[in-house]
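Count residues from 1 along the sequence. Just follow the structure's listing: the first ligand is 1, and inside any ligand the first atom is 1. Heavy-atom basis, side chains included; hydrogens, waters and symmetry copies ignored.
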Amino acid sequence: MIDITDHLAIIERRVAAAFARARRPAEGTLILAVSKGQSVEAMQAAYRAGIRDFGENYIDEALMKMERLSHPDVCWHFIGRIQSNKTRVIAERFDWVQTIDRSRVAIRLDNQRPGDADPLNVLIQVNLARESQKGGVDAAGLTPLVDLIDSLPRLRLRGLMTLPPAELAEADLRRHFLDVRDLAREHSRPDRMLDVLSMGMSGDYEIAVECGSTCIRIGTALFGPRRRTRP
Ligand SMILES: *Cc1c(COP(=O)(O)O)cnc(C)c1O
């Protein structure tokens, strides 16, 4: 039986050490529990341990879990590939979308966000390595998408998200995270700060925190191995 409280304590300790190494003020890194393939029971245990933010990749799986983990203070992040025909349910049911990478999806989410809900918090997914099997825009594609989302009243652009190439050497991984941080700074303005950086997963979150991450997306290091794949 995996003890999520113990895992969380280890992660928090390592995050604090990474903050100290980077001389960053030890505040403000969200631990997003990536719960795809994990049971609702494990998510309940994470909730009891203090987790409030959950990340899901697949709509049907997420909706089932929302029914069963219905605490009003849970915050749901969509972190999977977005199909255009699934935007309505994302706009209606999620608090954050971390994987916007094209204008068509942004426009649909803006149209479909219910009027009585707060604006949808969004991150643009960047793909600086231009890996074709992953979503995300490159540096050139980022500027027009930032400008578009700025003009959409039902979306609130908060920052950038990255899923770096697997197997990067540590120095290259650092470079990648720092490049994303710099891009976010370049595209920030006083009235619209891109101050959320969703970078780092179970295998590399300490490096990501050292490079400025404010949201680490942790699946297996928190929950253990995923038991179910895509439903
Ligand atoms: C699955 C997933 C994660 C979590 O990966 P772990 O290695 O289990 O921590 C993080 N981000 C995204 C986008 C994912 O799809």
Side-chain angles (χ1 to χ4, degrees), residues 2-15 18 29-40 42-43 45-46 49 51-65 75-83 86 90 94-102 105 109 121-137 158-168 170 173 176-177 180-181 184 196-231:
I2 289 153
D3 191 330
I4 286 169
T5 308
D6 287 351
H7 285 183
L8 185 58
I10 291 168
I11 294 163
E12 286 173 342
R13 204 158 58 233
R14 290 185 178 165
V15 165
T29 284
L30 176 70
I31 297 176
L32 174 62
V34 175
S35 41
K36 63 164 178 264
Q38 306 290 349
S39 68
V40 176
M43 294 169 72
I51 292 286
R52 292 295 177 270
D53 291 81
F54 292 90
E56 288 284 346
N57 296 59
Y58 305 110
I59 301 291
D60 294 346
E61 180 180 355
L63 292 179
M64 179 275 287
K65 287 166 168 177
C75 188
W76 295 94
H77 299 240
F78 189 75
I79 62 169
R81 292 293 288 266
I82 305 175
Q83 294 169 268
K86 295 286 177 66
I90 295 174
F94 284 81
D95 304 291
W96 285 75
V97 178
Q98 298 208 355
T99 45
I100 292 194
D101 64 357
R102 55 198 195 277
V105 161
L109 288 170
N121 294 296
V122 304
L123 305 182
I124 295 175
Q125 181 175 354
V126 292
N127 181 349
L128 299 184
R130 299 192 183 87
E131 291 182 284
S132 58
Q133 76 278 21
K134 289 180 187 166
V137 292
R158 305 293 301 275
L160 304 181
M161 177 273 205
T162 187
L163 197 58
E167 323 284 339
L168 280 186
E170 184 179 321
L173 186 60
H176 181 97
F177 287 143
V180 174
R181 181 200 64 185
V196 176
L197 293 175
S198 178
M199 313 194 297
M201 308 195 290
S202 292
D204 58 12
Y205 65 88
E206 293 161 275
I207 294 171
V209 167
E210 288 179 29
C211 296
S213 174
T214 70
C215 173
I216 55 176
R217 308 181 308 269
I218 307 291
T220 48
L222 183 66
F223 292 112
R226 286 183 267 279
R227 272 166 284 167
R228 285 179 280 111
T229 51
R230 180 168 188 169

Ligand 1: which protein N/O atoms lie under 3.5 Å from its N/O atoms?
unit_1	atom_1	unit_2	atom_2	d
ligand 1	8 (O)	Thr220	N	2.9
ligand 1	8 (O)	Thr220	OG1	3.2
ligand 1	8 (O)	Arg226	NH1	2.8
ligand 1	8 (O)	Arg226	NH2	3.3
ligand 1	9 (O)	Ser202	N	3.0
ligand 1	9 (O)	Ser202	OG	2.5
ligand 1	9 (O)	Gly219	N	2.8
ligand 1	11 (N)	Arg217	NE	2.8
ligand 1	15 (O)	Lys36	NZ	2.7
ligand 1	15 (O)	Asn57	ND2	2.8

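Other residues, nucleotides and ligands contribute more than 12 heavy atoms inside 6.0 Å of the CZ atom of Arg52.
Under the rule for a side-chain hydrogen bond (donor to acceptor under 3.5 Å, both in side chains), Thr5 has no partner lying at least two apart in sequence or in another chain. With sequence neighbours left out, the salt bridge (charged side-chain N to carboxylate O under 4.0 Å, His left out) criterion links Glu206 to no other residue. In this view, Glu12 satisfies the salt bridge (charged side-chain N to carboxylate O under 4.0 Å, His left out) rule with no residue, not counting sequence neighbours.
Residues Phe177 and Glu210 have side chains not in contact (no heavy-atom distance under 4.5 Å, counting atoms from C-beta outward).
Side-chain atoms of Arg181 never come within 3.5 Å of backbone atoms of Leu197 as a donor-acceptor pair (strictly under, hydrogens ignored).
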